[in-house]
Amino acid sequence: MKQFKYTINGSIYNITVNKIEDTVAEVEVNGTPYKVLMDKPAKKQVVTIKRPVQAPTTSAGAPVVSRPAGGGTIGAVKSPLPGVILSIDCKVGDEVKKGQKLLVLEAMKMENTIASEYTGKVAEIKVEKGDSVLEGAVLVVIN
């Protein structure tokens, strides 16, 4: 259940989204229930919870230390706050430098430039223009 508060023309609206199935959302506006028909189905949010892996140990009980294999993923650029993707300024295969603009995220009616945290090649773009993202969502993967 998500709750929002909007002020429209000086009137305050408390909105609660109770349930979304396909193209129908069940919401309450200031306590009055409504069924809202959407143009397209809502995107499913998949949450993966990873449990910490216990480090392997030797027969003496000391932890085994290994180095990561080379040539793998350098890093994932994540959303610093929830918002909507306004533009994507890179494509898969582009070489990017640390600090280079990758996309624009609108959050709290402000446009935020999301820059690369790494130097490398864009391996994957996980979002599309118009997508709503949560804080910490992976936006771009760089190798």
Side-chain angles (χ1 to χ4, degrees), residues 1-58 62-143:
M1 176 168 49
K2 291 187 178 184
Q3 295 185 341
F4 303 93
K5 185 176 183 178
Y6 294 102
T7 302
I8 302 173
N9 295 330
S11 298
I12 297 174
Y13 297 91
N14 292 308
I15 300 166
T16 303
V17 180
N18 294 321
K19 183 168 84 171
I20 299 175
E21 288 183 3
D22 295 320
T23 59
V24 178
E26 292 180 11
V27 300
E28 287 182 27
V29 180
N30 292 341
T32 305
Y34 294 94
K35 286 193 178 187
V36 179
L37 183 61
M38 300 181 291
D39 289 340
K40 57 184 178 178
K43 291 187 178 183
K44 301 275 185 201
Q45 292 278 336
V46 178
V47 177
T48 304
I49 300 173
K50 293 186 179 181
R51 300 173 76 189
V53 178
Q54 180 150 1
T57 57
T58 63
V64 175
V65 178
S66 63
R67 299 186 188 277
T73 299
I74 290 175
V77 178
K78 297 180 180 181
S79 176
L81 61 169
V84 176
I85 303 299
L86 291 183
S87 70
I88 299 173
D89 301 299
C90 63
K91 58 186 183 293
V92 174
D94 283 357
E95 292 286 336
V96 294
K97 295 184 184 219
K98 185 175 182 174
Q100 181 176 334
K101 177 180 174 183
L102 297 177
L103 46 90
V104 177
L105 173 79
E106 179 184 27
M108 298 183 285
K109 299 186 182 188
M110 298 283 293
E111 291 185 11
N112 300 280
T113 298
I114 307 300
S116 176
E117 300 167 14
Y118 313 97
T119 297
K121 184 184 281 188
V122 175
E124 189 175 359
I125 299 173
K126 299 245 185 200
V127 293
E128 296 178 16
K129 184 177 176 181
D131 283 357
S132 292
V133 296
L134 298 173
E135 180 178 351
V138 175
L139 306 172
V140 178
V141 177
I142 298 177
N143 284 343

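Residues Thr119 and Val96 fail the side-chain proximity criterion, which asks for heavy atoms closer than 4.5 Å. Side-chain contact between Val24 and Val36 is absent, with no heavy atoms from C-beta onward closer than 4.5 Å. For the pair Ile125/Cys90, a side-chain contact is recorded, criterion being any heavy-atom separation below 4.5 Å from C-beta on. At a threshold of 4.5 Å between non-hydrogen side-chain atoms, the residues Ile85 and Leu103 count as touching. Counting only heavy atoms from C-beta outward, the side chains of Glu124 and Lys126 approach each other to under 4.5 Å.
Tested against Leu105 for a side-chain contact (heavy atoms from CB on, under 4.5 Å), the candidates Thr113, Leu86, Leu139, Val133 yield a single pass: Val133. Exactly one residue among Val104, Asp94, Ile114, Leu102 makes a side-chain contact (heavy atoms from CB on, under 4.5 Å) with Asp89. That residue is Val104.
Between Ala107 and Pro82 the shortest heavy-atom distance is CB-O, 3.2 Å. A pairwise comparison of heavy atoms in Gly130 and Val84 identifies O-CG1, 3.8 Å as the closest pair. Between Lys91 and Val122 the shortest heavy-atom distance is O-CB, 3.5 Å. Taking each heavy atom of Ala123 and Val92 in turn, the nearest pair found is O-CG1, 3.6 Å. Here the shortest heavy-atom pairing between Ala115 and Gly99 reads CB-O, 3.5 Å.
Applying the salt bridge (Lys or Arg N to Asp or Glu O under 4.0 Å) rule to Glu117 yields no partners; only residues at least two apart in sequence or on another chain are considered. Listed by chain and residue number, Asn18 satisfy the side-chain hydrogen bond (donor to acceptor under 3.5 Å, both in side chains) test with Glu28 (two or more places apart in sequence, or in another chain). Residues passing the side-chain contact (heavy atoms from CB on, under 4.5 Å) test with Lys121 are Glu95, sequence neighbours excluded.
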Next item on the list: Could you give me the CA-CA distance, side-chain angles and deciding distance for Ile12 and Tyr6, then say whether side-chain contact (heavy atoms from CB on, under 4.5 Å) is met?
Entry: CA-CA 6 Å; Ile12 297 174; Tyr6 294 102; over 6 Å; no
Notebook entry, point to check: Ile8 and Tyr13: side-chain contact (heavy atoms from CB on, under 4.5 Å), yes or no, with the steps?
Noted result: CA-CA 8 Å; Ile8 302 173; Tyr13 297 91; 3.8 Å; yes
Note to self: Could you walk me through whether Ile20 and Met38 satisfy the side-chain contact (heavy atoms from CB on, under 4.5 Å) test, starting with their C-alpha distance in whole Å, then the side-chain angles of each, then the deciding distance to 0.1 Å, before giving a yes or no?
What the structure shows: CA-CA 10 Å; Ile20 299 175; Met38 300 181 291; 3.6 Å; yes
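With rounding to the nearest 0.5 Å, the separation of CG in Leu81 from CG in Asn112 is 5.5 Å. Note that CD of Glu21 is 7.0 Å distant from CD of Glu26, once rounded to the nearest 0.5 Å. Note: Asp131 CG to Ser79 OG = 11.5 Å, rounded to the nearest 0.5 Å. Of the inter-residue distances, the one linking Glu111 atom CD with Ser87 atom OG reads 7.5 Å to the nearest 0.5 angstrom. One finds the CZ atom of Phe4 at 12.0 Å from the CG atom of Asn14 (value rounded to the nearest 0.5 Å).
Within a 6.0 Å sphere centred on CD of Gln100, heavy atoms belonging to other residues, nucleotides or ligands number more than 12.
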